[in-house]
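What follows is a single structure, written as structure tokens, with notes after it.
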Amino acid sequence: MADITLITDFSSPELDIYARLSERQLLHYYEPEEGIFIAESPKVIERALNAGYEPLSFLVETKHVEGEAADVIGRCGNITVYTAEFDVLTKLTGFPLTRGVLCAMRRRPLPKAEMLCRGAERVAVLENVMNPANIGSIFRSAAALGMDAVLLTPGCSDPLYRRAARVSMGTVFQVPWTFFDEEEESWPGKGMDVLKKMGFQTAAMALCDDSIGIDALELKKAEKLAVVLGTEGDGLASETIADCDYTVRIPMAGGVDSLNVAAASAVAFWELRRPAR
């Protein structure tokens, strides 16, 4: 049975993880072991629990303890649940809670890219995508449109950051993902080699004169394909584009030159999905 604890002392150190530590500090909370992340909303927490992540405590608006948060709290045994009214929690955290619930959870070690991609046919590679909302949207599209895994370069925002996980609707806990190791799988060099060693053809989404259309037959026929998407604004690095097998463009109309990376990912994942068997 959960331990319901009414918040009376804002300065309580147990609340630091919700109120006073940044997400980067939480990432290193147990260093050298894996750190903490904060999951927001019952749906996101449910998907994290389904994926086997360990909950540490909850911060919940009072009315949701026996309301929207009741099911996820009930799955966590005698976990501590800190609770207060909406205005108190908003003041404490600095933002209104989505669905009135946060859960602190332990991170897990990330696999190497090569191990993650064993058996995969369609993977997304994100190069320096820094906006957490874009990361979340890309994961949601990856889950909905059949991507087997997502690989991120070290310059990307962390998929377990609160906003990224919330925007993804918890699909960051469904789609396998990892960061390229900066030393052993540095991107694009060694990371690209890992993909090619595993038999992946690589398609860089970029606005270049020699780009082929996204509906090109050779892309649809590829047994194993890595779709490479770049940072907001600048797009992919020239070295990355040069190392890829294909440079791919989404045709535009209405004088628009490109789509936001999250929107482009949805179009690319749909068009470049697995070939029909």
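- No side-chain donor-acceptor contact under 3.5 Å links R249 to the backbone of M205.
- R47 contributes no side-chain N or O that, together with a main-chain N or O of Q174, makes up a donor-acceptor pair within less than 3.5 Å.
- Judged as a salt bridge (Lys or Arg N to Asp or Glu O under 4.0 Å), and not counting sequence neighbours, R140 has no contacts.
- Using a 4.5 Å cut-off on side-chain heavy atoms (C-beta onward), C103 and I38 make no contact.
- With 3.5 Å as the limit, one finds a donor-acceptor pair spanning the side chains of Y246 and Q201.
- The shortest distance between side-chain heavy atoms of E14 and T80 does not fall below 4.5 Å.
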Verdict with reasoning, K190 to D181, per side-chain contact (heavy atoms from CB on, under 4.5 Å): CA-CA 9 Å; K190 294 179 182 178; D181 184 280; over 6 Å; no

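- Counted by atom type alone, E232 and N260 present zero donor-acceptor pairs between their side chains at under 3.5 Å.
- Contact between L219 and G213 at its shortest, heavy atoms only, is CD1-O, 3.8 Å.
- The line from CG of L21 to CD1 of I36 is 8.0 Å long, rounded to the nearest 0.5 Å.
- Residues M105 and L49 meet the side-chain proximity criterion, which asks for heavy atoms closer than 4.5 Å.
- Evaluation of the salt bridge (Lys or Arg N to Asp or Glu O under 4.0 Å) rule for D245 yields no partner, not counting sequence neighbours.
- No chain of hydrophobic side-chain contacts below 4.5 Å, direct or via other Ile, Leu, Val, Met, Phe, Trp or Tyr residues, connects V88 to F86.
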With salt bridge (charged side-chain N to carboxylate O under 4.0 Å, His left out) as the criterion, how do K220 and E271 come out once you've worked through the C-alpha distance, each side chain's angles and the decisive distance to 0.1 Å? CA-CA 8 Å; K220 293 184 179 296; E271 284 287 347; 3.2 Å; yes

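- Of the possible polar contacts, one joining the S22 side chain to the Q25 backbone as a donor-acceptor pair under 3.5 Å is found.
- Residue pairs meeting the ring-ring contact (aromatic ring centres under 6.0 Å, His included) criterion with at least one partner in residues 11-47, sequence neighbours excluded, are F37-Y53, F37-F173.
- Closest heavy-atom contact between P42 and V101: CD-CG1, 3.2 Å.
- For I4, the side-chain contact (heavy atoms from CB on, under 4.5 Å) criterion is met by A2, V65, V81, T83, not counting sequence neighbours.
- Using a 4.5 Å heavy-atom cutoff, the side chains of E182 and S186 are not in contact.
- Residues satisfying the side chain to side chain donor-acceptor pair (under 3.5 Å) criterion with S11, sequence neighbours excluded, are D9.
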Might you work through the side-chain contact (heavy atoms from CB on, under 4.5 Å) test for F58 and C76, ending with a clear yes or no? CA-CA 10 Å; F58 282 89; C76 299; 3.8 Å; yes

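- Separation of atoms OH (Y82) and CD1 (I7) is listed at 8.5 Å; rounding is to 0.5 Å.
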Take V167 and F139 through the test side-chain contact (heavy atoms from CB on, under 4.5 Å) and record every step on the way to the result. CA-CA 9 Å; V167 171; F139 267 86; over 6 Å; no

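- With sequence neighbours left out, the salt bridge (Lys or Arg N to Asp or Glu O under 4.0 Å) criterion links E184 to K112.
- With hydrophobic clusters built from ILVMFWY side chains whose heavy atoms lie under 4.5 angstrom apart, Y161 does not share a cluster with L56.
- A donor-acceptor contact shorter than 3.5 Å links the side chain of S168 to the backbone of A165.
- Note on K197 versus E114: salt bridge recorded, some NZ/NE/NH1/NH2 to OD/OE distance being below 4.0 Å.
- Both V261 and L259 are part of a single hydrophobic cluster, where members link through side-chain heavy atoms under 4.5 Å apart.
- Both V267 and W270 are part of a single hydrophobic cluster, where members link through side-chain heavy atoms under 4.5 Å apart.
- Side-chain N/O atoms of E127 and T231 include no donor and acceptor closer than 3.5 Å.
- Members clustered with V228: L116, V123, V125, L151, F180, W187, M192, V194, L195, M198, F200, L236, I241, by chain and number, using a 4.5 Å side-chain heavy-atom cutoff among hydrophobic residues.
- A206 approaches S211 most closely through the heavy-atom pair O-OG, 3.0 Å.
- Residue M147 is grouped with residue L229 when hydrophobic side chains (ILVMFWY) are merged at heavy-atom distances under 4.5 angstrom, including chains of intermediate members.
- With respect to E85 and K63, no salt bridge is recorded, no charged nitrogen being found less than 4.0 Å from a carboxylate O.
- Taking E46 as the reference, K43, N50, V72, R75 meet the side-chain contact (heavy atoms from CB on, under 4.5 Å) condition, with sequence neighbours excluded.
- Every pair passing salt bridge (Lys or Arg N to Asp or Glu O under 4.0 Å) that includes a residue from residues 153-170 is listed here, sequence neighbours excluded: E40-R162, E40-R166, R107-D158.
- By the side-chain contact (heavy atoms from CB on, under 4.5 Å) test, E239 is found to be paired with P188, D243, residues two or more places apart in sequence or in another chain being considered.
- Checking side-chain atoms of T178 against main-chain N and O of P111 turns up a donor-acceptor pair under 3.5 Å.
- Scanning both residues, C244 and A204, for their nearest heavy atoms gives SG-CB, 3.7 Å.
- For D3, the CG atom counts as densely surrounded, since its 6.0 Å shell holds more than 12 non-hydrogen atoms of other residues, nucleotides or ligands.
- Applying the side chain to side chain donor-acceptor pair (under 3.5 Å) rule to D87 yields no partners; only residues at least two apart in sequence or on another chain are considered.
- Summarising the geometry of A268 relative to I214, their closest heavy-atom pair is CA-CD1, 3.5 Å, with the distance given to 0.1 Å.
- The minimum heavy-atom distance linking L126 with V129 is given by the pair CB-CG2, 4.0 Å.
- Of the possible polar contacts, none joining the E61 side chain to the A84 backbone as a donor-acceptor pair under 3.5 Å is found.
- Of the possible polar contacts, one joining the T153 side chain to the N128 backbone as a donor-acceptor pair under 3.5 Å is found.
- We find the CG-CD distance between L27 and E34 to be 8.0 Å, quoted to the nearest 0.5 Å.
- Taking a 4.5 Å side-chain heavy-atom cut-off between Ile, Leu, Val, Met, Phe, Trp and Tyr, the cluster of M169 contains only that residue.
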